[in-house]
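Heads up, the thing below is written out as structure tokens.
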Amino acid sequence: MKRNYHVFLSFRGTDVRQGFLSHLYAALDQQGIYTFVDSEKLRKGEEISPTLMRAIEESRIAIIVFSEGYASSPWCLEEAVKIMECKERNGLIVFPVFYKVEPREVRGGRESYGRAMAKHESKFGKDSKKVKRWKKGLFEAGNLSGWELNDRDEADLILCIVKELLIRLNRKSLHVAKYPVGIDFRVQGLSCLSQKESADDDVLMIGLWGPGGIGKTTIAKALYNAMMRQFQVCCFLEQVREKSNRSDGLVTLQKDLLSEILVHPLTVYSVAGGISLIQERLYCKNVLLVLDDVDHMSQLNALAGKSNWFGKGSRIIVTSRDKQLLTSHGINCVYEIQTLGCHEAQYLFSLYAFPNSKSVEIRRDLIDKALHYADRLPLALEVLGSFLRGRKEPAWESTLHKLSKIPEPTINRVLKISFDGLENNEREIFLDIACFFKGKNIEYIKEVLDSCDFHTAIGIYILMERSLIKNQDETLEMHDLIQSMGRDIVNEACRDDPGKRSRLWLLEDVEDIFCYNTGTDAVKAIVLERSPPEAIIISPDAFTNMKRLRILILHGGRISSQAQVRLPNELRWLEWSNAPNLEFGSGPNKLVSLDVRKSHIKQLMGNFQNFRKLKSIDLYECKSLVSIPDLSSAPNMEKLILNGCESLVEVHPSVGNLKWPWHMDVFIE
């Protein structure tokens, strides 16, 4: 709504026009505060004129000067009702000034206000809707925080009013976004939820949680703009994570907070000193504070340690990628920011890519590919749409092909911030999920990664709290761009030589490694989910140099060898359908699970004395297998599957002595 006036003054002319009001108006005018003061010509009859009604609607602040004769004027009462309606509907800031009357007289209908309302009831009837509206308006306005004259000097009161108005009027709304698609709807929802969560006098801390690029800062800015007029003092602290990492970063943030809120900024020498100053100066103020992009508890402790640092009704909004950080700080109202809806995403992308509505010049399949790549992430829609704007179809095709190989740098940089904040345990788990296990069952993932000595359960929880993965029906999912970011981290180690990367998942990357032994000890895991189009003959020494290989999963059954393949002792998890004969080196072996179903092996890797960690063997339909060796030195065995082993003729007696469930379906002719 257009705001033509800074301040609207509501008053009873005969009481204050020639004295207090004229001095107040002059003081406001001297400070450049554009103030609406009605003339007596506008006050005709008992109905408020359209000119005054419009002036109230177009003002940022309304001051109601409650004097002794204010309630005797139906005109003044109508103004008060209209002002309170605009406060509720349009966010009008309202201040009462109690001029030679007490607040209880206004809100309780006592003294001159009681007598005036009695006359109105006599004239319009005791049950008159008009009189009830007037009483309600007086009650609500009389309950607001404002100023009382009492015995104080009028000039001093006017200085206090001007000072407060300057603070309020100097408060500027924040730029939200070039195209704020879907923002208003989300802000309305958050505003309603925050009101339900607490009473008006409670201090409420609200967390906005989600991955990078999803729009947390944008929504926080819009929420700040929608709420700021309701608070005595406001502050939006941007880039808390980035600024706190600089020299004296937390002290600088504390200075920024105090200088935004206080008229005379205070000197802050240390974090502890800053905490004391924030507590001392803000505990009695109604504060709206936004802390944007918080990633460490020290930041919250320095800027908003406890709710009792702030006055009644304050709202503290914190945006973060880390849900656990928010809940650990006692922020119970944590809202997860969702990606845009499909139609919202399409509309936002079109605003950036086709500002002149000329999308018909680009093939629909290319637009769909771009939308699929962005996957409803606002940052990706903005960056990709802006880049493709005005480009021809060949440029679209080339760009989208490139993005299928290498992530867009701006988007990737934002998403990678969440990864950079992880500990090593969580980094390794995240990269394994991004490269191999997206969409897989959680229990299966835990089993595989636990075999690698990771703390998988807590690691998965932490990745969920950082908005990097999600649990959907007991499978782990992640945004396509987050998966792309994770895979790019792996590829970045050596883009020209796959044998020097930690994880391999593409057939084209492993073919040379398998055939020409170009792998190195950098390789930690290899997973091929799909069968290669042509059979691959693997070298017996393909894994010799991969001494740190811990996971080997080869599905599809078209990778074989003409000789026995040697595997590293560091291997923890092996799944290889249609596997050739395999062997491990001498010395302790770390294998936990062996799954070689439908393979052509005849004998099970000889001596099992060094397989003390082995828990599971799956030999399903290994039709050439003739014997099972001594397993007495594998004390942790939990499962042995021999179904379909048609040629099996010898099972070592130790198998029957082990105390674990096993399944056996043996066909012997």
Side-chain angles (χ1 to χ4, degrees), residues 205 207-212 214 216 241 293-301 318-337 415-479 481-487 489-490 502-503 505 524-525 527 548-551 553 570-573 575 590-593 613-616 636 638-639:
M205 290 191 175
L208 304 183
W209 165 60
I214 203 166
K216 299 184 298 298
R241 172 187 56 81
D293 193 18
V294 170
D295 74 338
H296 200 276
M297 188 63 74
S298 62
Q299 298 154 7
L300 290 171
N301 289 338
V318 182
T319 76
S320 180
R321 304 170 187 230
D322 187 348
K323 184 180 181 181
Q324 180 61 26
L325 175 64
L326 299 173
T327 54
S328 295
H329 193 62
I331 301 176
N332 296 320
C333 304
V334 178
Y335 304 114
E336 182 178 4
I337 306 301
L415 296 176
K416 191 172 177 288
I417 291 169
S418 296
F419 175 82
D420 292 338
L422 298 173
E423 299 293 333
N424 187 65
N425 180 69
E426 287 68 51
R427 287 189 178 197
E428 292 291 312
I429 293 171
F430 169 77
L431 291 177
D432 280 346
I433 295 171
C435 293
F436 311 129
F437 301 126
K438 176 185 173 184
K440 300 291 185 182
N441 177 268
I442 291 180
E443 292 306 315
Y444 169 73
I445 295 171
K446 285 181 179 177
E447 197 175 358
V448 175
L449 298 185
D450 281 346
S451 75
C452 300
D453 293 333
F454 294 134
H455 305 291
T456 313
I458 186 61
I460 286 175
Y461 280 124
I462 291 171
L463 294 178
M464 289 179 181
E465 291 163 356
R466 302 289 175 91
S467 301
L468 289 168
I469 60 174
K470 285 187 176 183
N471 179 352
Q472 292 184 356
D473 300 323
E474 296 307 308
T475 65
L476 287 185
E477 299 290 350
M478 65 172 57
H479 194 284
L481 291 175
I482 292 177
Q483 181 185 36
S484 180
M485 175 268 291
R487 289 182 165 185
I489 290 170
V490 172
S502 64
R503 294 159 179 85
W505 60 92
K524 298 178 182 179
V527 177
R548 299 169 64 203
L549 185 70
R550 50 181 172 78
I551 298 173
I553 300 175
E570 193 68 24
L571 192 65
R572 316 299 182 88
W573 192 272
E575 292 180 35
K590 296 184 179 180
L591 193 67
V592 174
S593 178
K613 291 190 174 185
L614 191 62
K615 292 183 178 181
S616 170
N636 294 303
E638 298 173 356
K639 182 169 64 175

Of the non-hydrogen atoms in [X] and [Y], which two are nearest, and what is the gap between them?
X	Y	value
Phe430	Leu422	CB-CD1, 4.4 Å
Cys435	Val490	SG-CG2, 3.8 Å
Ile331	Gly207	CG2-N, 3.5 Å
Met478	Ile469	CE-CG2, 3.5 Å
Ile482	Pro211	CD1-CB, 4.2 Å

Less than 4.5 Å apart, any side-chain heavy atom of [X] and any of [Y]?
X	Y	answer
Val448	Phe436	no
Glu447	Ser593	no
Glu426	Leu463	yes
Leu300	Leu325	yes
Cys452	Ile551	yes
Ile553	Phe437	yes
Met464	Leu476	yes
Ile417	Arg241	yes

Test side-chain contact (heavy atoms from CB on, under 4.5 Å) on Ile460 and Lys446; report intermediate values, then the result. CA-CA 9 Å; Ile460 286 175; Lys446 285 181 179 177; 4.0 Å; yes

Crowding at [atom1], [X] (>12 non-hydrogen neighbours, <6.0 Å):
X	atom1	answer
Lys438	NZ	yes
Glu423	CD	no
Asp473	CG	no
Asn332	CG	no

In Å and rounded to the nearest 0.5 Å, what is the [atom1] to [atom2] distance from [X] to [Y]?
X	Y	atom1	atom2	answer
Arg427	Leu431	CZ	CG	8.5 Å
Tyr461	Asn471	OH	CG	8.5 Å
Arg572	Leu549	CZ	CG	10.5 Å
Ile433	Thr456	CD1	OG1	8.5 Å
Ser418	Glu465	OG	CD	12.5 Å
Leu591	Lys613	CG	NZ	11.0 Å

Carefully, step by step, assess Arg550 and Asp432 under the rule side-chain contact (heavy atoms from CB on, under 4.5 Å). CA-CA 11 Å; Arg550 50 181 172 78; Asp432 280 346; 2.9 Å; yes

Got a donor-acceptor contact below 3.5 angstrom from the Ser502 side chain to the Lys524 backbone? no

Indicate yes or no for a side-chain donor-acceptor contact from Thr475 to the backbone of Gly439 under 3.5 Å, with no hydrogens or angles considered. no

Do Leu208 and Leu326 pass the side-chain contact (heavy atoms from CB on, under 4.5 Å) test, and can you show the C-alpha distance, the side-chain angles, and the key distance before you say yes or no? CA-CA 9 Å; Leu208 304 183; Leu326 299 173; over 6 Å; no

Apply the test salt bridge (Lys or Arg N to Asp or Glu O under 4.0 Å) to residues Arg503 and Glu428: give CA-CA distance (whole Å), side-chain angles for both, the deciding distance (0.1 Å), then the verdict. CA-CA 10 Å; Arg503 294 159 179 85; Glu428 292 291 312; 2.7 Å; yes

Scan residues 321-334 for pairs that pass salt bridge (charged side-chain N to carboxylate O under 4.0 Å, His left out), counting only residues two or more places apart or in two chains. Asp322-Arg466

Any chance you could lay out the side-chain contact (heavy atoms from CB on, under 4.5 Å) test for Val318 and Met205, step after step, and finish with the verdict? CA-CA 8 Å; Val318 182; Met205 290 191 175; 5.9 Å; no

